[in-house]
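In what follows, every heavy atom counts, from backbone to side chain, and hydrogens, waters and symmetry copies are set aside.
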Amino acid sequence: MLKNNFLFITSLILLLAILSIPSGINVLSLNGLPWTHKKEIFFLVIAIPSLLIIDRNFLINKLIIYLLAIIFFLKFTLFLLSPTSGLSLKIYESSTTFSMKANQWEKNY
């Protein structure tokens with residue numbers, strides 16, 4: 001019983017950490033706090049409470065805990081290593097702006 005409670009609390013903490021750690025990439029729908037995307041709100045309001053009500057033992061499964069730990073590690077790695085400024089691509093608004101540069105590409109790496 002005590003082991004099951006420990007596994008349940010561990011998996012719940014991992015799940016909430018995955019949802020709350022910002023990944024640094026705003027395009028991802030699960031990009032952490034603040035929760036503004038529809039998918040994040042769906043997970044927090046409908047999916048997680050439904051999972052807890054229907055089958056609490058689902059989160060005690062060791063395979064699920066390992067998957068949550070891997071996802072947490074990947075998300076934490078994105079949080080630490082992804083650039084906050086994006087990929088630094090230059091985008092021209094119109095073809096005239098590009099032609100004013102005399103059709104020369106600038107290296108941005």
Side-chain angles (χ1 to χ4, degrees):
M1 176 98 176
L2 185 62
K3 181 180 178 183
N4 287 345
N5 285 339
F6 176 73
L7 292 175
F8 175 74
I9 291 172
T10 302
S11 62
L12 195 60
I13 288 172
L14 282 172
L15 186 62
L16 291 176
I18 289 169
L19 289 174
S20 61
I21 292 177
S23 61
I25 300 174
N26 292 330
V27 178
L28 294 177
S29 57
L30 296 174
N31 62 354
L33 289 172
W35 295 313
T36 55
H37 292 222
K38 292 178 183 178
K39 289 182 183 178
E40 291 173 329
I41 295 171
F42 171 77
F43 275 113
L44 288 169
V45 174
I46 296 173
I48 293 175
S50 301
L51 180 69
L52 295 176
I53 291 171
I54 293 171
D55 189 13
R56 179 181 172 185
N57 293 329
F58 176 73
L59 291 175
I60 297 173
N61 190 353
K62 287 187 180 181
L63 178 65
I64 300 301
I65 294 174
Y66 290 143
L67 288 174
L68 287 174
I70 290 170
I71 293 171
F72 173 75
F73 176 73
L74 292 174
K75 183 118 182 209
F76 193 70
T77 304
L78 277 175
F79 172 68
L80 292 177
L81 299 178
S82 64
T84 57
S85 62
L87 297 176
S88 300
L89 299 175
K90 289 191 176 184
I91 299 174
Y92 296 99
E93 294 178 3
S94 66
S95 60
T96 57
T97 308
F98 179 70
S99 64
M100 289 171 43
K101 296 275 186 180
N103 292 334
Q104 295 178 354
W105 292 96
E106 295 179 11
K107 294 182 179 180
N108 292 326
Y109 53 88

Checking N57 now: which residues fulfil side chain to side chain donor-acceptor pair (under 3.5 Å) with it, not counting sequence neighbours? none
Please output the side-chain donor-acceptor pairs of residues 58-75 that fall under 3.5 Å, not counting sequence neighbours, one pair per line with the distance.
unit_1	atom_1	unit_2	atom_2	d
N61	OD1	L63	N	3.3
K75	NZ	I18	O	2.8
K75	NZ	I21	O	3.3
K75	NZ	L30	O	2.5

Please report the interatomic distance CD1(I53) to CD1(I48), rounded to the nearest 0.5 Å. 12.0 Å
Can you check whether L44's main-chain N or O pairs, donor with acceptor, with W35's side chain at less than 3.5 Å? no
Any side-chain hydrogen bond (donor to acceptor under 3.5 Å, both in side chains) pairs touching residues 3-16, not counting sequence neighbours? N5-R56
The side chain to side chain contact (heavy atoms under 4.5 Å, CB included) partners of I46 (sequence neighbours excluded) come to F42, S50
